[in-house]
Amino acid sequence: MSAIAVQVNHYLTWSPAKIKAFRQTLLTWYDQNGRDLPWRRNQEPYHILISEIMLQQTQVQTVIPYYHNFLQHFPTVQALAAAPEEELLQVWSGLGYYSRARHLQQAAQQIVQDYGGVWPQTAAGLADLSGVGPYTAGAIASISFKEAVPAVDGNAFRVFARLLEIDLDIAKPQTRSIFAAIIQQIIDPDRPGDFNQAIMDLGASYLTAKNSDPAHSPVRDFDASWQAGTYEDYPVKTKKAKPVVQQYYVLALHTPSGWLLSQRSSRELLARLWLFPLLAVAKINDTKPAASSGVTEQPIVLPPAAFKKALTTIQLQKIQVEFQELTGIAVVWRDPTLKIVKHVFTHRQWQLKILTGELTTTPSLALFPGKWFTEADLTNGAIPTVQRKIMQELSQNN
DNA sequence: GAGGCGTGGGC
DNA sequence: TGCCCAAGCCT
């Protein structure tokens with residue numbers, strides 16, 4: 001017997017009759033209490049794909065307006081495949097994890113160009129699409145094509161960890177295949193899409209991560225951790241590291257043509273989006289001589305009080321020099337506020353001190369890959385939330 | 001396999 | 001406030 005089969009037998013002790021009863025109970029509850037969500041109105045694989053990608057690590061109520069707007073802009077897989085990247089990122093602006101948008105478009109291009117517009121109809125085939133992993137492939141295959149495969153997301157991990165008291169660490173990649181094999185035995189082969197979505201609704205209602213209510217869950221009779229009083233111990237999940245602090249000066253230059261923004265490179269955080277130029281605080285405040293041995297020094301992080309303090313004339317001059325070397329533009333920078341804008345990503349925390357500069361004529365951008373943004377451009381552009389937050393701080397400061 | 005990758009909400 | 005969480009995938 002394979003190692004996975006051993007694990008399945010260890011955790012899944014339900015009889016065939018109990019499995020049948022579970023399906024019946026779950027789907028009866030789902031038929032009466034399932035959520036009415038926009039992407040549940042039909043089973044178009046294009047619609048399901050869009051919703052599933054947007055829902056990755058993102059809450060339902062956040063996704064709903066983006067889902068409608070996205071389909072308005074790109075009604076078909078052909079339209080998405082042909083869209084300019086700039087428009088794609090505009091429509092995705094604010095939703096986060098922007099590589100999802102680029103992979104989604106690549107998937108659309110695969111469908112149109114490689115498959116002649118014909119969708120793969122199995123999870124294995126769908127998983128070849130860019131940005132489609134095991135969860136999303138299972139979701140589309142089961143919902144759109146009725147393949148009896150599990151869709152193992154955070155809800156499925158949590159629900160089945162509690163029902164079966166599975167004490168495997170769900171943060172470890174190898175755990176997924178155990179859960180998938182267990183759920184494969186339980187999934188309703190006649191209604192796999194509804195089964196998977198019912199598990200998600202269960203995980204979003206009675207069996208939530210916090211403040212769960214297993215006592216009133218429709219499947220409480222199948223819930224071993226509820227009966228044992230151990231449900232708060234499941235699922236087992238190791239913690240991730242805290243975000244690293246990074247400090248930057250934000251160089252907000254305004255001219256008659258608007259604000260100067262630069263496009264982030266493809267390799268850095270917020271890739272391909274537009275943001276005020278940033279200057280690492282370490283570059284201005286590191287007074288040590290350059291490392292002679294080629295050893296990379298630890299980036300310095302100023303204590304909060306020092307970072308908040310008004311900039312000295314020397315610091316402002318150094319910033320002016322750095323900005324001029326970068327862009328060819330001479331600007332006298334002002335430090336109009338003692339506030340720090342904080343923005344937290346999954347693995348980094350940015351602390352930002354905003355500097356402003358004003359020019360009465362628009363300089364040339366020959367040296368610098370930047371663009372002038374009017375207020376309207378900022379509203380509609382491919383702009384990350386941190387840029388909108390900075391703009392809000394600037395307008396409050398006026 | 002561990003780390004990179006956004007944002008908003010809840011307590 | 002700081003932390004965890006929310007329909008993960010890619011490298």
Side-chain angles (χ1 to χ4, degrees), chain A residues 34-35 37-40 47-67 89 92-104 106-107 126-140 142-143 150-159 169-177 179-180 193 195-205 207-212 232 235 237-246 264 266-273 275 304 340 342-350 382-389:
Chain A
R35 290 172 290 180
L37 300 171
W39 43 89
R40 287 182 178 174
H47 295 174
I48 304 301
L49 173 67
I50 303 303
S51 67
E52 293 299 343
I53 299 297
M54 287 186 170
L55 285 161
Q56 289 171 6
Q57 302 290 284
T58 309
Q59 300 188 138
V60 166
Q61 81 275 7
T62 302
V63 165
I64 288 175
Y66 280 92
Y67 174 79
L89 290 175
W92 206 269
S93 169
L95 195 52
Y97 284 142
Y98 297 93
S99 66
R100 289 186 297 176
R102 285 186 296 275
H103 286 301
L104 180 56
Q106 287 173 32
L126 288 160
D128 286 337
L129 296 173
S130 182
V132 175
Y135 161 72
T136 306
I140 301 172
S142 62
I143 295 169
V152 188
D153 70 334
N155 288 306
F157 273 126
R158 185 171 59 255
V159 167
D169 184 355
I170 67 168
K172 296 200 174 305
Q174 65 268 27
T175 301
R176 162 179 299 279
S177 56
F179 274 77
F195 180 95
N196 285 330
Q197 294 183 89
I199 295 298
M200 297 180 208
D201 281 15
L202 203 52
S205 55
L207 301 184
T208 48
K210 291 181 178 175
N211 301 321
S212 65
E232 289 185 333
K237 186 178 178 183
T238 53
K239 293 175 189 172
K240 292 194 174 175
K242 287 183 196 171
V244 175
V245 173
Q246 297 181 321
R264 308 275 296 170
S266 297
R267 290 173 306 283
E268 57 190 346
L269 186 62
L270 302 174
R272 313 289 298 158
L273 278 79
L275 193 64
I340 301 299
K342 287 186 185 179
H343 191 77
V344 181
F345 303 95
T346 305
H347 59 302
R348 293 180 203 181
Q349 181 192 130
W350 280 3
I383 306 292
T385 294
V386 63
Q387 171 67 31
R388 299 184 190 279
K389 197 187 282 188

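All chains are named by letter (A, B, ...) in the order of the sequence lines, taking the proteins before the strands, and each is independently numbered beginning at 1.
- We find the CZ-CE distance between A/Phe195 and A/Met200 to be 10.5 Å, quoted to the nearest 0.5 Å.
- Contact check, A/Arg348 against B/dC5: a side-chain N or O comes under 4.0 Å of OP1 or OP2.
- We find the CZ-CG distance between A/Phe157 and A/Asp169 to be 9.5 Å, quoted to the nearest 0.5 Å.
- Within the 3.5 Å criterion, the main-chain N or O of A/Pro134 finds no donor-acceptor partner in the side chain of A/Arg176.
- Separating the P atom of B/dC5 from that of C/dA6 is a span of 23 Å, rounded to the nearest Å.
- Rounded to a whole Å, the CG atom of A/Leu270 is 9 Å from the P atom of B/dC5.
- The CZ-P distance, from A/Arg388 to B/dG6, rounds to 15 Å in whole Å.
- The distance between atom CG of A/Leu273 and atom C1' of B/dC5, rounded to the nearest whole Å, is 12 Å.
- Taking the P atom of each, B/dG6 and C/dT11 are spaced 14 Å apart, rounded to whole Å.
- Formation of a donor-acceptor pair under 3.5 Å by the A/Arg264 side chain with backbone atoms of A/Leu275 is not found in this model.
- With rounding to whole Å, A/His347 atom NE2 is found 17 Å from B/dA2 atom P.
- Using a 4.0 Å heavy-atom cutoff across all strands shown, A/Asn211 reaches sugar-phosphate atoms only and no base atom.
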Quick tally for nucleotides 5-11 of chain C: nucleotides whose base has a protein heavy atom under 4.0 Å get B, sugar-phosphate-only ones S, the rest -, giving SBBBSS-
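- Remark: the separation of the P atoms in B/dA2 and C/dA7 is 23 Å, to the nearest Å.
- Atom-to-atom, CZ of A/Phe345 to C1' of B/dG8 comes out at 14 Å; the value is rounded to the nearest Å.
- Residue A/Pro173 is the one, among A/Pro384 and A/Pro173, whose nearest nucleotide of DNA chain B lies closer to the 5' end (criterion: closest heavy atom).
- Nucleic acid contact for A/Lys172: none, since no nucleic acid atom lies under 4.0 Å from a heavy atom of the residue.
- Spacing between atom CZ of A/Arg272 and atom C1' of B/dC5 amounts to 17 Å, rounded to whole angstrom units.
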Begin from the C-alpha positions of A/Arg158 and A/Ser212 and carry the test side chain to side chain donor-acceptor pair (under 3.5 Å) through to its verdict. CA-CA 11 Å; A/Arg158 185 171 59 255; A/Ser212 65; over 6 Å; no
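- Here B/dT7 presents its C1' atom at 7 Å from NE2 of A/His343, a figure rounded to the nearest Å.
- Around the CD atom of A/Glu268, the shell of radius 6.0 Å holds more than 12 heavy atoms that belong to other residues, nucleotides or ligands.
- In this structure the side chain of A/Phe345 reaches within 4.5 angstrom of the side chain of A/Leu270, judged on heavy atoms.
- Comparing the P positions of C/dC4 and B/dG3 gives an interatomic distance of 16 Å, to the nearest angstrom.
- Remark: P of B/dG6 and CE of A/Met54 are 15 Å apart, rounded to the nearest angstrom.
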